[in-house]
Amino acid sequence: MASTETKAPATAAEGDGSGDLAGLEAGLDALESRVVDRQPWLRTAASKAFPPLVAIAIVLALWQLAYHFALKPHYLLPSPVEVGRSLQQKWLEGTLLSFVWTSVSRGALGFLASVVLGTALGLIVARVKAVRAAIGPILSGLQSLPSVAWVPAAIIWFGLSDATIYTVVLLGAVPSIANGLVAGVDQISPLYLRAGRTIGATGLAGVRHVLLPAALPGYIAGLKQGWAFSWRSLMAAELIVNAPDLGTGLGQLLEQGRELQDMSWVLSAILLILIVGIGIELLIFAPVERRVLRSRGLLVKS
């Protein structure tokens, strides 16, 4: 009986101790966890849009000051208002969207073809040592080669045709995509590859379920760079490959403005090229990259 009475307080004490320990663990977890208050979407959008808008306002103000103090003659440096009127004129003529669509459709088709070829080439280079030793340095050299250097050769091969434009785009984008995938594969832990082989993920199944998902951050970076190279390559090709049968893209629009010595026209085309490049980055690649990084715990949603 006495032993029972003396044991009960000990049990109670143990219970209190475990409760304190649980409370301590909960407190530590609470300190490590990050509480994020959900903000209204309008406030979130405003906070993200405010810095770029301020930067644009500063650039426009400096541009207007340069125009006002005539750092260059007005026919060489038109004001932002004159460039806006040039864009408005193209819009009212109904040709602005067709110029943009011609270039965007070419860029998208060339980029998709580059993704297919660059992914296959990158996997081969990353996994076959002999191929990597043979053409790995060549890929790096091709990535540093300016895309415009391919235009004369492509014209000789294919003439003034769409094939010339797409050839320049492919030669500009494929090396970047392949090198990005190779870099992503090089960063995969060997443990993941061994685990994949253990569960039978070999061959194409291993590439699909282990290799590509593990290399995804580097692969996404290569795709972003590949798009930038393909867009620049496309503009270089459109500037030089100019024929009535090809239609008018933004590069051809830029060249037409140069031929007419119309700086408002030229700056309008440059502005459209810049807007399309930034728009593709913000609407497509930035959300995909954030999602991939978040899924790996490399980016915390704020």
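The structure presented is a predicted model; accordingly, all values stated were derived computationally and were not measured.
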- Task: Check whether any side-chain heavy atom of Trp150 lies under 4.5 Å from a side-chain heavy atom of Leu170, and answer yes or no.
- Result: no

Q. Are side-chain heavy atoms of Val174 and Ile177 found at a separation under 4.5 Å?
A.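 No; the side chains remain at least 4.5 Å from each other.
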
Checklist entry - Are Gln252 and Gln256 close enough that a side-chain donor and a side-chain acceptor fall under 3.5 Å? => result no

[X] and [Y]: same hydrophobic cluster, using ILVMFWY side-chain contacts below 4.5 Å?
X: Leu260; Y: Leu254; value: yes
X: Val81; Y: Leu92; value: no
X: Leu145; Y: Ile156; value: no
X: Leu272; Y: Trp101; value: no

Closest approach of [X] to [Y] (non-hydrogen atoms, all atoms of both residues):
X: Ser230; Y: Val169; answer: CB-CG1, 3.7 Å
X: Gly141; Y: Ser144; answer: O-OG, 2.8 Å
X: Ile284; Y: Pro287; answer: O-CD, 3.4 Å
X: Asp162; Y: Arg106; answer: OD1-NH2, 3.7 Å
X: Pro137; Y: Arg132; answer: CD-O, 3.8 Å
X: Ser105; Y: Thr102; answer: OG-O, 3.0 Å

Taking NZ, NE, NH1 and NH2 as the nitrogens, is one of them in Glu82 or Arg85 under 4.0 Å from a carboxylate oxygen of the other?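 So Glu82 does not pair with Arg85 through a salt bridge.
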
[X] side chain to [Y] main-chain N or O, any donor-acceptor pair under 3.5 Å?
X: Thr164; Y: Gly159; result: yes
X: Ser103; Y: Val100; result: no
X: Trp63; Y: Pro78; result: yes
X: Ser268; Y: Ser86; result: no

Query - Worked check of side chain to side chain contact (heavy atoms under 4.5 Å, CB included) between Trp91 and Leu97 - result: CA-CA 8 Å; Trp91 175 266; Leu97 290 180; 3.7 Å; yes

TODO: Using a cut-off of 6.0 Å, state whether more than 12 heavy atoms not belonging to Trp265 lie near its atom CH2.
DONE: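 Above 12, so yes.
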
Would you compute the distance between atom [atom1] of [X] and atom [atom2] of [Y] and round it to the nearest 0.5 angstrom?
X: Gln89; Y: Leu96; atom1: CD; atom2: CG; answer: 11.0 Å
X: Leu250; Y: Leu239; atom1: CG; atom2: CG; answer: 10.0 Å
X: Ile165; Y: Met235; atom1: CD1; atom2: CE; answer: 9.0 Å
X: Leu65; Y: Ser79; atom1: CG; atom2: OG; answer: 12.5 Å
X: Arg127; Y: Leu181; atom1: CZ; atom2: CG; answer: 10.5 Å
X: Arg291; Y: Leu216; atom1: CZ; atom2: CG; answer: 11.0 Å

Would you mind listing the cluster partners of Leu282? Hydrophobic ones only (ILVMFWY), side-chain contacts under 4.5 Å, chaining allowed.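 Besides Leu282, the cluster holds Leu274, Ile278.
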
| ILVMFWY clustering at 4.5 Å (side-chain atoms), partners of Tyr166 |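 Its cluster partners, ordered by chain and number, are Leu109.
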
Assess whether side chain to side chain contact (heavy atoms under 4.5 Å, CB included) is satisfied between Ile240 and Val148, documenting all intermediate values. CA-CA 9 Å; Ile240 301 174; Val148 70; 3.9 Å; yes

Pairs of donor and acceptor atoms involving the side chains of residues 111-122, under 3.5 Å and at least two apart or interchain, shall be tabulated with distances.
residue	atom	partner	partner atom	Å
Ser114	OG	Gly110	O	2.7
Thr119	OG1	Val115	O	2.6
Thr119	OG1	Tyr219	OH	2.4

With sequence neighbours left out, the residues meeting side-chain hydrogen bond (donor to acceptor under 3.5 Å, both in side chains) with Gln88 are none

Requested in this report: Please name the residue in the list Leu60, Leu271, Leu267 that meets the side-chain contact (heavy atoms from CB on, under 4.5 Å) test with Pro80.
Outcome: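 Per the side-chain contact (heavy atoms from CB on, under 4.5 Å) rule, the option paired with Pro80 is Leu60, out of Leu60, Leu271, Leu267.
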
**Prompt:** Do Ile280 and Phe285 pass the side chain to side chain contact (heavy atoms under 4.5 Å, CB included) test, and can you show the C-alpha distance, the side-chain angles, and the key distance before you say yes or no?
**Reply:** CA-CA 7 Å; Ile280 297 295; Phe285 290 106; 3.8 Å; yes

Residues passing the side chain to side chain contact (heavy atoms under 4.5 Å, CB included) test with Leu76, sequence neighbours excluded, are Lys72, Pro73

Taken in chain and number order and not counting sequence neighbours, the residues that satisfy side chain to side chain contact (heavy atoms under 4.5 Å, CB included) with Gln225 are Gln143, Ser176, Phe229

With side chain to side chain contact (heavy atoms under 4.5 Å, CB included) as the criterion, how do Tyr67 and His74 come out once you've worked through the C-alpha distance, each side chain's angles and the decisive distance to 0.1 Å? CA-CA 7 Å; Tyr67 174 82; His74 289 172; 3.5 Å; yes

